[in-house]
Number of protein chains: 4
Amino acid sequence: MSPKVTQAYKEEKKAVILEGALHCFTEKGFQATTMDDIVRHLGISKGAIYSYFASKEEMYIQMADDKMNAMLENSTETFKSMPSAADQIRYMYNRFRSQSLTELRKWMAFHLEFMLYAARQPQLTQRWNEYADKALVFIKDIMDGGKLTGEFRSDLDSAAASRLFWSIRDGLALQYMLSGEEADYKRTIDDMESMVFRYIMG
Amino acid sequence: MSPKVTQAYKEEKKAVILEGALHCFTEKGFQATTMDDIVRHLGISKGAIYSYFASKEEMYIQMADDKMNAMLENSTETFKSMPSAADQIRYMYNRFRSQSLTELRKWMAFHLEFMLYAARQPQLTQRWNEYADKALVFIKDIMDGGKLTGEFRSDLDSAAASRLFWSIRDGLALQYMLSGEEADYKRTIDDMESMVFRYIMG
Amino acid sequence: MSPKVTQAYKEEKKAVILEGALHCFTEKGFQATTMDDIVRHLGISKGAIYSYFASKEEMYIQMADDKMNAMLENSTETFKSMPSAADQIRYMYNRFRSQSLTELRKWMAFHLEFMLYAARQPQLTQRWNEYADKALVFIKDIMDGGKLTGEFRSDLDSAAASRLFWSIRDGLALQYMLSGEEADYKRTIDDMESMVFRYIMG
Amino acid sequence: MSPKVTQAYKEEKKAVILEGALHCFTEKGFQATTMDDIVRHLGISKGAIYSYFASKEEMYIQMADDKMNAMLENSTETFKSMPSAADQIRYMYNRFRSQSLTELRKWMAFHLEFMLYAARQPQLTQRWNEYADKALVFIKDIMDGGKLTGEFRSDLDSAAASRLFWSIRDGLALQYMLSGEEADYKRTIDDMESMVFRYIMG
DNA sequence: TATGAATGAGAGTTCATTCAT
DNA sequence: AATGAATGAACTCTCATTCAT
């Protein structure tokens with residue numbers, strides 16, 4: 001009856017449910033996924049889900065929120081230790097390269113569907129933008145660092161450059177969303193990287 | 001009785017219906033739009049729509065098909081007369097700049113939702129890819145032209161470059177999908193343009 | 001403008017429409033046949049049909065009525081000239097034999113569906129019964145004739161026997177409705193015939 | 001949680017639903033009965049029905065299947081103990097006699113409508129024929145038994161005779177479907193019986 | 001008269017959510 | 001807290017009938 005235990009248990013259970021739901025949403029999309037799909041996949045009852053989440057929509061939003069936060073958090077940690085801005089950018093591209101096309105596609109499907117969903121709900125648009133801003137600032141800080149150390153050209157517009165950085169990355173993901181092979185994809189990331197470096201360095 | 005009149009009338013009516021449906025799909029999304037929404041918006045009866053289109057899905061696919069074709073057709077025409085490859089690329093960026101953010105967002109919302117939809121249906125994926133290939137080849141031809149005239153660097157990988165071209169464009173549209181202002185958007189296109197030229201020219 | 005011509009034309013047109021409708025009803029059943037089916041088959045317009053018949057149902061009833069009358073009429077004619085009751089019965093069986101299984105099945109499908117339809121509408125039930133009575137009386141008259149001439153046994157209950165006559169005939173049609181081959185069918189008619197004769201003769 | 005309870009409950013519920021649906025189908029016919037009719041009659045929700053049956057059609061087929069099986073099963077049991085083939089046939093006629101005209105009519109309405117329905121769907125035709133074959137074989141076995149014991153004439157074509165047996169029975173039901181009174185009906189069964197015995201015995 | 005585009009009530013079916021157990 | 005049978009509003013699609021031309 002200790003509330004602490006109950007609380008921990010609840011958090012864990014919520015996480016398990018969200019994981020199962022994510023699997024389904026990724027497979028079929030949010031709208032096309034039924035509560036029955038989720039329930040079947042998780043092997044629990046509908047009531048159980050509704051005792052943790054008020055609605056299918058709430059699960060979705062919660063899930064997207066978790067994803068966004070996870071991505072930002074796991075970014076900031078690693079970078080503290082790298083002294084070179086160029087290395088930090090390179091590290092980002094390595095991370096892009098490490099994701100398989102299959103993973104990328106699933107990730108994008110979820111990401112895009114939520115974006116469309118958010119575009120129609122002002123409060124979600126707001127939250128989404130906060131997340132997008134953080135991602136922009138994250139790269140901008142690296143760019144600014146590079147300018148200070150002289151690695152990047154001094155007249156670089158770091159705000160614009162970080163926008164370009166993400167544009168290229170997102171656009172590439174979009175390009176390979178429906179077709180293309182792993183090897184081509186990896187090669188295009190290389191090109192993307194070299195183009196970006198050509199742009200930010202002298 | 002005259003087939004000409006009837007035929008023309010039918011084509012016109014189909015177009016009107018598609019226009020009305022597009023309006024609704026853009027507003028709420030394909031899945032969230034009900035036939036009642038469309039019917040209300042158009043001020044006609046349900047039966048009328050179903051005598052022109054077999055299903056909601058058919059309308060959607062027809063619509064997407066029309067959009068794709070329209071885009072490709074209106075591209076090829078204008079370019080015949082331009083002698084310089086650089087001018088052709090510049091012309092493309094001017095076209096990007098001429099589209100307002102509001103238009104862009106509507107366009108993207110439709111575009112992305114259909115892409116997600118297509119991703120789950122093999123035959124649509126197929127058709128989508130054919131369209132994407134044409135867009136790629138269109139830019140690649142320009143790049144190859146520029147290499148021949150010496151405008152672009154001779155070691156440019158035109159296939160990769162055209163992929164990058166579209167990646168950047170699509171990514172930028174994605175970036176500005178949920179936030180950003182007109183002026184910033186235009187400026188980012190400028191940056192995008194200069195980055196691309198930096199990459200394709202010597 | 002002569003009313004006679006118009007009248008004749010109308011009758012002819014009605015007959016053509018009913019013929020086309022019958023074809024469709026036989027193929028798919030009354031309920032499953034749409035006005036579009038009929039219109040397509042006939043190559044005329046919906047309005048045309050509605051200027052001759054008030055409703056799909058009216059066509060159906062009219063059609064069934066015509067069929068019943070036709071059958072009774074074409075029976076009575078031929079029999080006047082036959083002196084022997086046994087020959088008359090034999091003639092009936094020959095007529096049964098002359099109908100192919102395919103024809104029989106189509107005929108039965110229409111017949112049965114209308115029967116079910118009529119069973120739910122008192123006025124149609126009434127009309128159906130009048131027709132059925134005529135068919136019964138027709139055979140009963142033959143039976144009575146046979147008793148008078150001594151061809152059939154004198155203690156024969158002609159009313160009951162005619163009921164049996166039709167029961168056997170209808171039941172056989174039912175038996176072969178969904179399966180069975182032409183040759184078997186013909187043989188079963190033979191058996192049926194011999195059984196009936198065994199019953200009505202001494 | 002106990003599967004036994006749940007399973008039993010579900011079976012019972014399915015039976016209740018089928019019973020209610022049968023009532024409606026018998027009243028108005030399969031096609032004319034709407035899901036709303038059934039729902040109203042049963043006092044449950046539409047969703048409830050769809051959690052037990054996938055479609056209106058599935059209910060219908062299930063129902064017809066149950067009816068067929070019930071009829072065959074309840075036949076075979078009782079006959080094991082009867083030594084005389086003639087008694088077995090006589091027993092059948094007693095069973096026919098024991099069914100009231102009202103029951104018979106309802107039964108026939110369902111039976112015939114399903115037959116028409118099945119006639120247009122090859123797989124159902126198939127299943128229907130299997131059932132019909134079993135009914136034929138059931139009588140044929142009795143006939144063969146009677147030939148062996150010498151009760152029936154030795155040159156009897158038992159296959160043909162069983163076909164006739166059912167033809168007469170089905171045809172009689174058809175005869176009395178729309179008109180006729182209980183007493184007449186019973187009497188005609190007597191005639192039918194005597195005619196059949198006249199035919200199968202020497 | 002004939003046409004066939006248009007109507008709209010009503011069909012079968014789905015599924016997020018509730019609540020008695 | 002967990003279950004899953006039940007709900008019923010909302011969905012897509014059909015089709016007999018009408019009526020302006």
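None of these values were measured; they are calculated from a predicted model. Chain letters run A, B, ... following the sequence lines, proteins first and then strands; every chain starts at 1.
Distance alone, capped at 3.5 Å, is enough to place a donor-acceptor pair between the C:Thr33 side chain and the C:Cys24 backbone.
Phosphate contact (OP1/OP2 of E:dT1, side-chain N/O of C:Tyr52, threshold under 4.0 Å): absent. Taking 4.0 angstrom as the limit, C:Tyr9 places a side-chain polar atom (N or O) nearer than this to OP1 or OP2 of E:dA2. In this structure, C:Ser51 reaches the E:dA2 phosphate: one of its side-chain N or O atoms is under 4.0 Å from OP1 or OP2. Taking 4.0 angstrom as the limit, C:Lys13 places none of its side-chain polar atoms (N or O) nearer than this to OP1 or OP2 of E:dT1. In terms of phosphate contacts, A:Ser45 brings no side-chain nitrogen or oxygen within less than 4.0 Å of OP1 or OP2 of F:dG4.
Applying the side-chain hydrogen bond (donor to acceptor under 3.5 Å, both in side chains) rule to pairs touching residues 34-44 of chain C yields C:Lys28-C:Asp37, C:Thr34-C:Asp37, C:Asp36-C:Lys46, C:Asp37-C:Arg40, sequence neighbours excluded.
Remark: A:Phe110 engages A:Tyr60 in a ring pair (Phe, Tyr, Trp, His ring centres under 6.0 Å) (not counting sequence neighbours). With sequence neighbours left out, C:Asp65 forms a salt bridge (Lys or Arg N to Asp or Glu O under 4.0 Å) with C:Arg127.
Comparing E:dT7, E:dT13, F:dA5 by their closest approach to the side chain of D:Lys10 singles out F:dA5. Comparing F:dT7, E:dA2, E:dT7 by their closest approach to the side chain of C:Ala48 singles out E:dA2.
Because its NZ or CZ atom is not both nearer than 6.0 Å to the ring centre of A:Tyr52 and within 45° of the ring axis, A:Lys13 does not count as a cation-pi partner of that residue.
By the 6.0 Å contact criterion, CD on D:Glu19 is open, its count of non-hydrogen atoms from other residues, nucleotides or ligands being 12 or less. More than 12 heavy-atom neighbours from other residues, nucleotides or ligands sit within 6.0 angstrom of NZ on B:Lys67. At most 12 non-hydrogen atoms from other residues, nucleotides or ligands lie less than 6.0 angstrom from NZ of B:Lys106.
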Every protein N/O within reach of nucleotides 19-21 of chain E N/O, cut-off under 3.5 Å:
none

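Residue D:Phe53 contributes atom CZ, which lies 14 Å from atom P of F:dA5 at whole-angstrom precision. Rounded to an integer number of Å, the gap from A:Leu42 CG to F:dT3 C1' is 15 Å. Computed from coordinates, the D:Ile49 CD1 to F:dA5 P distance equals 16 Å when rounded to whole Å. For the pair D:Arg40 CZ and F:dT7 C1', the computed distance is 17 Å after rounding to whole Å. Counting to the nearest Å, the P atom of F:dC11 and the CD1 atom of B:Ile38 are 12 Å from each other. For the pair C:Glu11 CD and E:dT1 P, the interatomic distance rounds to 13 Å; values are reported in whole Å. Taking atom CD of A:Glu58 as the reference point, atom P of E:dA16 lies 15 Å away to the nearest angstrom. Summarising the geometry, the separation between CD1 on C:Ile44 and P on E:dT1 is reported as 14 Å, rounded to the nearest angstrom.
Proximity of residues 22-34 of chain A to DNA chain F (heavy atom under 4.0 angstrom from any strand atom) is not detected for any residue.
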Could you go through the side chain to side chain donor-acceptor pair (under 3.5 Å) check for B:Glu130 and B:Gln126 one step at a time?
-> CA-CA 6 Å; B:Glu130 285 164 16; B:Gln126 176 65 22; 3.2 Å; yes
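D:Leu116 has its side chain within reach of C:Leu116: a pair of non-hydrogen atoms, C-beta onward, lies under 4.5 Å apart. Within the 4.5 Å cutoff, the side chain of D:Phe30 has heavy atoms near those of the D:Tyr117 side chain.
In DNA chain E, runs of at least 3 stacked Watson-Crick or G-U pairs (N1-N3 plus N6-O4 or O6-N4, or N1-O2 plus O6-N3, all under 3.5 Å) give these stems: E:2-21 with F:2-21.
Between C:Ala54 and B:Asp36, the residue anchored closer to the 5' end of DNA chain F is B:Asp36, taking for each the nucleotide with the nearest heavy atom.
Note on ring orientation: taking the six-membered ring where Trp is involved, the planes of A:His111 and A:Trp107 are parallel (angle under 30°, cut-offs 30° and 60°).
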